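Worth saying up front: this structure is predicted, and the values here are computed from it rather than measured. Letters go in sequence order (proteins before strands), and every chain restarts at 1.
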2 protein chains.
Amino acid sequence: MYQLLSRSPLFSGLTEEEIKKIFSRIVYQVRSYAKGELIASAGDECRSLQIVFKGNTKGEMIDYSGRVLKIEDIPPPRPLAVAFLFGQNNRFPVTVSATEYTELIVIPRQSVVTLMQTSEVFLTNFLNAVSNRAQFISGKLRFLSFKTLKGKLAHYLMELDRNQQQNGKINIPRSQEELAELFGVARPSLSRTLRELHHRGIIDANGRTVTIINREALLEDSE
Amino acid sequence: MYQLLSRSPLFSGLTEEEIKKIFSRIVYQVRSYAKGELIASAGDECRSLQIVFKGNTKGEMIDYSGRVLKIEDIPPPRPLAVAFLFGQNNRFPVTVSATEYTELIVIPRQSVVTLMQTSEVFLTNFLNAVSNRAQFISGKLRFLSFKTLKGKLAHYLMELDRNQQQNGKINIPRSQEELAELFGVARPSLSRTLRELHHRGIIDANGRTVTIINREALLEDSE
DNA sequence: ACCCAAATGTAACAAATGTTACAAACAAAG
DNA sequence: CTTTGTTTGTAACATTTGTTACATTTGGGT
């Protein structure tokens, strides 16, 4: 357990020994969830820091009509809801559920405060983690603010291309279904848009491999 | 200046004297901006904490096509970009500009670190502020994830109603133009949707005063 | 009371996306 | 190699929103 935790951003810079020592002084527990089980609903109060220890989880926003916007997967050894433990409105913004059998380490808020007082490294890590969350969410926001589907798609492809560095050849690590969920659109709409870009010779789409043919046109299209 | 700062969330719980003392130990400067002047562009690196001291500012996201999504106004004595000072991607997520003559207190990141080390109260405040930001942004995200304009509008109205506690009578503190910007839609579309809800007897809209007549229908409509 | 600028109402049409339904392709299991 | 379930392609049509253009109203100023 401590080995895994030492790879978590919250405890990076600390040795297993140090982590062990720190944990001996605080209260925490381990909870397990079956595949598909609900971990927290959007709106639930957030009183403890939870770290994904084993398994896998996902966070989604669900609107009144039941439409789902996938926010992200949170695999081990990442923490859940770091940014919602302090501040004034301590509620989960998303619904979190286990995508497979999952175990979480649950640390009550008070213990987190103790941790911060005990370890300066942890404090810094925590601060960075909260900032990173804010930055991540704000990236999502930016992404959703691209009004057109073409824009989102173009943006997404170029982002992937930048990360994968395969000079235009992109591997999409998701099904169209999942992509559509990520974009918050209907699946056939996404398919249609891909097709359109393809027909216009801007990309070459083949299964989960997409090749950018005309980068300029793609960029223009995100307008 | 210290009086104003003591009302800022970052320094709440500290007396003017304490703030004065704290500031005597760090480096900072005051910058002024003319009405309409750009304070920071989205993507600019964020190296310092900036506190709005005088005037008023706004933050907006601008997509490739130039469409604008207003994020928020940041009046004195609130800080800019608290959540983007730490973490790994220290870049402004929004374009910030002065909506009138504005003065900012600029505190370099290193000095902020010093502040946190000096004052535990400041540290707690800072942590809370960053969390609050994350929560705010995440609220925005949730808001944008309501797919239909009716949904956004219904959500917005019910939110306002809850805050204003005037039992269905709502004062909208914005022009339709501004509202449309906030929602990320075109102004006539918003007008049309208001009209529709009105015609269907769900709300009574009169200038900036809106009365919710049929709460259930409004809720259903956000589907 | 009158004028002007800004805000709002409205309509006609264009464009984007959702919905539904089904066919085709694919992939894993036997 | 077939079966079976999942993913993807596609089309027709409905709905929502954008765009443009103009009329109307409102609220200050003088």
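Rounded to whole angstrom, the span from the CG atom of B:Leu190 across to the P atom of C:dA7 amounts to 14 Å. Atom P of nucleotide C:dA15 and atom CG of A:Leu149 are separated by 17 Å, given to the nearest angstrom. Per the geometry, CD belonging to B:Glu196 stands 13 Å off P belonging to C:dT10, to the nearest Å. If you take CD of B:Glu181 and P of D:dG18, they are 13 Å apart, rounded to a whole angstrom. Atom CZ in A:Phe146 sits roughly 19 Å away from atom C1' in C:dT17 (whole-Å rounding).
Within the structure, every pair that satisfies the salt bridge (Lys or Arg N to Asp or Glu O under 4.0 Å) test and touches residues 198-216 of chain A, not counting sequence neighbours, is listed here: A:Asp161-A:Arg215, A:Glu196-A:Arg200, A:Arg200-A:Asp221. Residue pairs meeting the ring-ring contact (aromatic ring centres under 6.0 Å, His included) criterion with at least one partner in residues 168-218 of chain A, sequence neighbours excluded, are A:Phe143-A:Phe183, A:Tyr156-A:Phe183. Within the structure, ring-ring contact (aromatic ring centres under 6.0 Å, His included) pairs that include any residue of residues 31-50 of chain B do not occur (at least two apart or interchain). Residue pairs meeting the salt bridge (Lys or Arg N to Asp or Glu O under 4.0 Å) criterion with at least one partner in residues 86-101 of chain B, sequence neighbours excluded, are absent.
Under the 4.5 Å side-chain criterion, counting only non-hydrogen atoms from C-beta, A:Ile213 is not in contact with A:Ile203.
Distances were taken from every side-chain heavy atom of A:Lys150 (C-beta onward) to each of D:dT16, C:dA16, C:dG18; the shortest belongs to C:dA16.
Here A:Tyr28 pairs with A:Phe23 under the ring pair (Phe, Tyr, Trp, His ring centres under 6.0 Å) rule; sequence neighbours left out. For B:Arg109, there are no side chain to side chain donor-acceptor pair (under 3.5 Å) partners at least two apart in sequence or on another chain. Listed by chain and number, the residues in a ring pair (Phe, Tyr, Trp, His ring centres under 6.0 Å) with B:Phe53 amount to none (sequence neighbours excluded).
Between its opening and closing five pairs, the helix from C:dA1-D:dT30 to C:dG30-D:dC1 changes axis direction by 40°, a value rounded to 10 degrees.
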Each nucleotide of nucleotides 4-12 of chain D classed B (base within 4.0 Å of a protein heavy atom), S (only sugar-phosphate) or -, in 5' to 3' order, makes ----BBBSB

